[in-house]
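We name chains A, B, ... by the order of the sequence lines, and we start the count at 1 in each one.
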Amino acid sequence: MTALSRRTWPFGLIARKIARRLANAVLVLLAAASLAFAALHLTPGDPVTAILGGGTQTPSPETIAAARHEYGLDRPISVQFGLYIARLASGNLGQSFSQHMPVADVLRAQGPATLALMASALLTAWLLAVLSIVFAVGRRTTAFARTTETFFAGLPQFWLAILLLWALGFELQIFPPAGNRGLRSLVLPTLSLAIPLGGFLARVMRDSFDLALHEPFILTARARGTPEWLIRLRHALRHALLPGISLSAWAVGALVGNGVVIEMIFSRRGIGRELFLAVMTHDMPLVSGIILFIALVYILAGIATDALYVVVDPRLKATRS
Amino acid sequence: MSPSTPLFAQSRPRHVRGTISCVVACAAAVLLTGCRREAHHVAPQTPVSGGTIVYATDREPVCLDPHVAGDMPQVFVAQQYLDSLVAMDDRGRILPWLATDWQISDDGLSYTFHLRRDVTFTDGTRFDAQAVRANLDHMVDPHTQSGTAGGYIRQYLRTDTPDDYTAVVHLKSPYAAFLEVLSQGFLGLESPRALARPRDVNCQSPVGSGPFMVQRWDHQNDIVFVRNPAYNWGPPTALHHGPARLDRIEWRFVAEPSVRFAALQAGEADVIDSLPPEAETPAQRNRDLWLLMADRPGNPTNGTLNVRRAPFNDVRVREAFVRSADIPGALGSVFFHHYRHAGGPLSPSTPFYDPAFEHVGDYDPARANALLDAAGWTGRTADGIRTRNGVPLIVHIPVRSSWPTADRTLWEQVQATARATGFQVLLENSDDTSVLTREQAWDYDVRLGYWNTDTADVLRIIFSSAFLGPPTGHANHQNAAGFSDPRFDRIVNDALTTTDQDRRRELYRQAQAAAAAQFLQITTYPQTTRLALSRSVHDVRLEPSLHVTTLYDAWVSR
């Protein structure tokens, strides 16, 4: 860093950083929107027939023409793309043609359910991972914990979901098998997503945790007579968190993807399910709306990760100032 | 077959009425239409008012207004909050409902409906001739995007309103099936004031005059209906007069079949529809449950053969393919013997169905082989596929991803049995719109589908030249076979010009004979409404025109 930038750091650097971040975010969103548009137009199929009904339909030619015109599907692709980007730029996500409502309303209705599931899955995964590494490192249980973590990390989420559904939903009837009424209905979908993710997180964090336990400062702490559980929780864990935090940014995206299947299996509402239906019907405005929403969540997760890094690791703060 | 025939309605004590209707139901089921009622529930108690029913269904409608698009989930919802101009009973007879009576002009072009004077929509709008006009105009308006309702009344010209309670509907050409399609919930009547709003607003909060009102639609979760307290104009097929017995209906969407059945067993749902075949035997054995099932009228679930290109441009190859498929065997293994084979072009519950064509295309591999030999498909590839002039006998079947898994398995069985005769059947999976695009371009040998409607006029839609679509370019065509025969066209068009029932029956017999002789479809099983219900739920009925659930009479005891 030059002397100049050092002097103006408090304001200039932060402003530049934020500007760069924002520009990046806009670029990512634009790319996501363009890719969604291209993908839907490259796959063969005419959305109008999907709009006008399912298996039993006899729409008149006038009806088909009217629908095509209403959604601008009778214009050249380039014009459609231009209008689409211009509309997005003005903040208008458009009207879903399969749901017969504004895309923003669909997101408002379905977004919270998916975000709640993602948040609870991520928290539960962290809880499982932290418990596993803190209580099973450097002891006889380590080998067992390692194996279990690898096993969990390898479980396909949909398979786990069906298993949990069968055991706890159908047979023991402890948790409701479907829907999104109350916290209890959140348990099975959360576990289906959180158990494999928890296994992943634990595997990633365990090595750093092991290394940290052999650092001199741990020895110092032990010499001071600090109880072992406190050493692990306060000193060693901090080192193990960093790779876990990086992984979490990726996990947020993975959760949305796997959430599609989980929402289908547990008949839960959410944007994953909505995305599946929208792709099936080539509902362009809805697909791009959902993809932009997911991209936004990704971007926010990235920012949150960076912030958490600084909080967890004081060394980062030190190098910057 | 429903216990709701007006003959027995209202006056007799419940259990007597129940017994009689049960006997009639069984007799009629065998004699008339073959409609099945696997278990009939006779309630010993007196109906009570109040309470909520949780109804769990598989698919969510895209719009609650059944005029828009027009898929089956929409008509199930519409049946709860809309009334129709006329009703159909279980023998296919048309009865008055919001129209008290009607006259048809001699040329079959004008229908004069006299309307009830005591009906109001739940937004306070009066039901009158203007409302009839607004609804019919709405269905045919291209901006409504109506696939079903508007498609069924393409003959509609205009409605005159000589006075407040007389509506004269003019048609462009005679359409004897007009009253039949009017009785379907797809053509239910909505408040004209509500219809005047933008289409997508009306989709979310439609207004009818029916026994329930749509209170809210929580997308992907449920629709809540509440009782219409003013309701006093139920259909003649109903079991009672006055407002509905239930206070509320929670209409939930539970897509996964096994989860839906589990919800019923756990008591979280009172009624589920689309009971999965694997759950049917457990449901029958469960003393806390009862089943309500009926075949839907129309064209059964089928694969339609494309006669426009080889190999199915040869009727011998078509017959060979139909006879090479062991449908009863496949149905037995895939659906646990719960689904019955439908062999003819019409489902048994369709008016003017003729059982004579049930076995025209029965499984007969020996005859199939002989036919293929005669048609010149005598060569064989190394793995046993027949060839003619070196070209292998390949059948392309595009399968849309929304096609039910069990039906996919069914076609895998067809694939296996047809293989034994020398057909190579390719099931080509793709997303719905891609399959639609191939269908529009006639790029298939077999198209999978079905058609639920309460009139034999469905034969005209699926096999007549008028539904071939434009001669060039990509467009929808309902006649998936590409079949075009002036004699057949004449029969089905003549059938629209007469309201004489015997004459119609004879013409539709000829139409069924002509279609069956051409081997245009492999028909598999009739579309069925399959409900499983808790024993604490009573008097849930299937409305006769499409066998759609109606909860108007339903009540709960708990």
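- Looking at heavy atoms from C-beta onward, B:V259 lies in side-chain contact with A:L165 at the 4.5 angstrom threshold.
- Atom CE of A:M101 and atom CG of B:D200 lie 9.5 Å apart (nearest 0.5 Å).
- Interface residue A:I265: only backbone heavy atoms are found under 4.5 Å from chain B.
- From A:R273, atom CZ reaches atom CD of B:E60 across 7.0 Å, with rounding to the nearest 0.5 Å.
- Here the closest non-hydrogen pair linking A:S267 and B:A255 is OG-N, 3.2 Å.
- Between the CD atom in B:E256 and the CD1 atom in A:I162 there is a gap of 7.5 Å [rounded to 0.5 Å].
- Interface residue A:P176: backbone and side-chain heavy atoms are both found under 4.5 Å from chain B.
- Only the side chain of A:Q110 comes within contact range of chain B, judged by heavy atoms closer than 4.5 Å.
- Within 6.0 Å of CZ in B:R216 there are more than 12 heavy atoms belonging to other residues, nucleotides or ligands.
- Using a 4.5 Å heavy-atom cutoff, the side chains of B:N202 and A:H100 are not in contact.
- Neither the backbone nor the side chain of B:T453 comes within less than 4.5 Å of any heavy atom in chain A.
- For the pair B:D218/A:R269, a side-chain contact is recorded, criterion being any heavy-atom separation below 4.5 Å from C-beta on.
- Remark: A:F81 CZ is packed, more than 12 non-hydrogen atoms of other residues, nucleotides or ligands lying under 6.0 Å away.
- For A:Q99, the parts lying under 4.5 angstrom from a heavy atom of chain B are both the backbone and the side chain.
- For a residue to count as touching a neighbouring chain, one of its non-hydrogen atoms must lie under 4.5 Å from one of that chain's; by this rule B:V68 touches chain A with the side chain only.
- Residue contact with chain A, scored on non-hydrogen atoms closer than 4.5 Å, involves the side chain of B:R252 exclusively.
- Salt bridge present: B:R199 and A:E70 bring a charged side-chain N and a carboxylate O closer than 4.0 Å.
- Contact count versus chain A (heavy atoms, under 4.5 Å) is highest, among B:E268, B:H143, B:Q265, B:Q204, for B:Q204.
- Counted within 6.0 Å of OH on A:Y298, heavy atoms from surrounding residues, nucleotides or ligands total more than 12; the atom is thus considered enclosed.
- Interatomic distance, OG of B:S434 versus NE2 of A:H282, reported as 5.0 Å (0.5 Å rounding).
- At most 12 non-hydrogen atoms from other residues, nucleotides or ligands lie less than 6.0 angstrom from CG of A:L183.
- Atom CD of A:E263 sits about 7.0 Å away from atom CD of B:Q220, to the nearest 0.5 Å.
- Residue B:S258 touches chain A through both its backbone and its side chain, counting heavy-atom pairs closer than 4.5 Å.
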